[in-house]
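What's counted below: heavy atoms across the whole structure, side chains too, no hydrogens, waters or symmetry copies. Every number for a ligand or one of its atoms is a count from 1 in the order of the listing.
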Amino acid sequence: MKILYSQKHSLHAPREEFDGKAGLIHPHPEVPQRALGILQAVRERGLGEVLPPREYGPEVLTAVHDPGLIEYYRRVLPAWRARTGKPGPVLPDVFALRGLDHRPADPVRQAGWYCFDPQTPLLEGTWEAVLQAAACAVTGADLLLEGERLAYALCRPPGHHAGRDYYGGYCYLNNAALAARRLQARGRPAILDIDYHHGNGTQDIFYGSAEVLFVSLHADPDFSYPCFSGYREERGTGAGLGFNSNFPLPAGTGETEYRGVLARALEEIRAFHPDFLVVSLGVDTVQEDPVGGLRLPPECFPELGRMVGSPGWPVLVVQEGGYSLRLAGPCAAGFLSGLAEASA
Ligand code: SP5
Ligand code: ZN
């Protein structure tokens, strides 16, 4: 399989995170060492050639995202730096909720318009890293369009919490959605999201569409981030009704139950007859992940990959979360080797 990776992800290095549930500031989990560990594991297993992303123009981004969000990303840090004399981070301290719907002109004040949590900082290198992650995903989609059967975009920062005109959850642009949009040029993609957290951004982007199926397994939002979406009754809207499927899981879900639910999710995808599958692969489902709360043993990831690979669809895997610096690499590489084995 082809592997897309840019070392520029390291330009984005958040340092700390505010945890409102504990009333604490602690080290930020979404750090460059994550991707370095995954790259090392992928290389050790000889999973395929590692390639840099191709270059794309802004129209690739606005095929999914609001031009206002892109303009905000370009303007906010220089404006903030001019005002504070500091390099970052830009974080919202007031949020546009229901009824608070006037967007101010000042890009610094737009932080709380576009960003929905205080854990997703904009730093000096953030935008460059974000663009490279998006380009990795879109390049992966282009490789499938050119006839590759499997590709892996080792994206960092992740993307599935970013919506058309908002960001949060350590995500800025929706890498998987950008890839799926690209694939729509030649067929109907399905997206399978197996990150620990619900992919609220991806769901939202395709919620009204019957052309892209979104299926997600994740911790029940009743006890886990992102809290406000990912419930079973969210089925899509308008033409998209029936093309969105959530499988919320109880805390502590283990391998046997997880595999049962994954099998049902794959049945729904099969019934859609997709031309391509995009997998949002979060490995924050592993038992000792510092952010997640499921109990998948690291040894089960190859089998999950085999299950996803056995129907034989062309598959693009996009990296999402996974915060155990020790296990994210082995889990992601394990999933990919199972996938490659089953697709061979
Ligand atoms: C892509 C992705 O996995 N985003 C996850 C965003 C979750 N953010 C809120 C979770 C707060 C976690 N607190 C971490 C404790 C570390 N000791
Ligand atoms: Zn996650």
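With atom 9 (C) of ligand 1 as the reference point, the heavy atom nearest to it among Gln119, Lys21, Glu17 is part of Gln119.
Every atom of ligand 1 is numbered from 1 in the order shown, and the set under 4.0 Å from a heavy atom of Gly321 is 3 (O). Listed by atom number, the atoms of ligand 1 under 4.0 Å from Pro158 heavy atoms are 1 (C). Applying the 4.0 Å criterion to heavy atoms of Asp195 picks out, from ligand 1, the atoms 3 (O).
The nearest N/O/S atom of Asp284 to the Zn ion (ligand 2) is OD2. Of all the N, O or S atoms in Asp195, the one closest to the Zn ion (ligand 2) is OD1.
At least one N or O atom of Tyr323 sits closer than 3.5 Å to an N or O atom of ligand 1. For the pair Glu320 and ligand 1, the shortest N or O to N or O distance does not fall below 3.5 Å. Backbone and side-chain nitrogen or oxygen atoms of Asp284 are examined, and one is located within less than 3.5 angstrom of a nitrogen or oxygen of ligand 1. Considering backbone and side-chain atoms together, Gly169 places an N or O closer than 3.5 Å to an N or O of ligand 1. Here's the thing with His160: none of its N/O atoms is less than 3.5 angstrom from an N/O atom of ligand 1.
When the side chains of ILVMFWY residues are joined at heavy-atom separations under 4.5 Å, either directly or via intervening members, Met307 and Phe301 end up in a single hydrophobic cluster.
In summary, the aromatic rings of Tyr114 and Tyr72 are positioned with their centroids under 6.0 Å apart. Ring centers of His12 and Tyr172: under 6.0 Å apart, within the cut-off. Aromatic ring centres of Tyr170 and His28: separated by under 6.0 Å.
A ring pair (Phe, Tyr, Trp, His ring centres under 6.0 Å) with Phe116 holds for exactly one of Tyr166, Tyr167, Phe95; it is Tyr166. With Arg74 as reference, Ile70 is the one residue of Ile70, Val76, Leu77 to meet the side-chain contact (heavy atoms from CB on, under 4.5 Å) rule.
Distances from the Zn ion (ligand 2) show that His197 has an N/O/S atom below 2.8 Å.
The side-chain tip of Arg232 does not point at the ring of Phe247 from less than 6.0 angstrom away and within 45° of straight on.
A donor-acceptor contact shorter than 3.5 Å links the side chain of Asn244 to the backbone of Glu234. Listed for the Arg270 side chain is no donor-acceptor partner under 3.5 Å among the backbone atoms of Pro311.
Inspection of the Thr139 and Asp142 side chains reveals no N or O donor paired with an N or O acceptor under 3.5 Å.
In this structure, the protein non-hydrogen atom closest to atom 10 (C) of ligand 1 is Tyr170 OH, 3.9 Å. Looking only at protein heavy atoms, the nearest one to atom 16 (C) of ligand 1 is His26 CE1, 3.7 Å.
Neither the backbone nor the side chain of Asp117 comes within 4.0 Å of ligand 1, counting heavy atoms alone.
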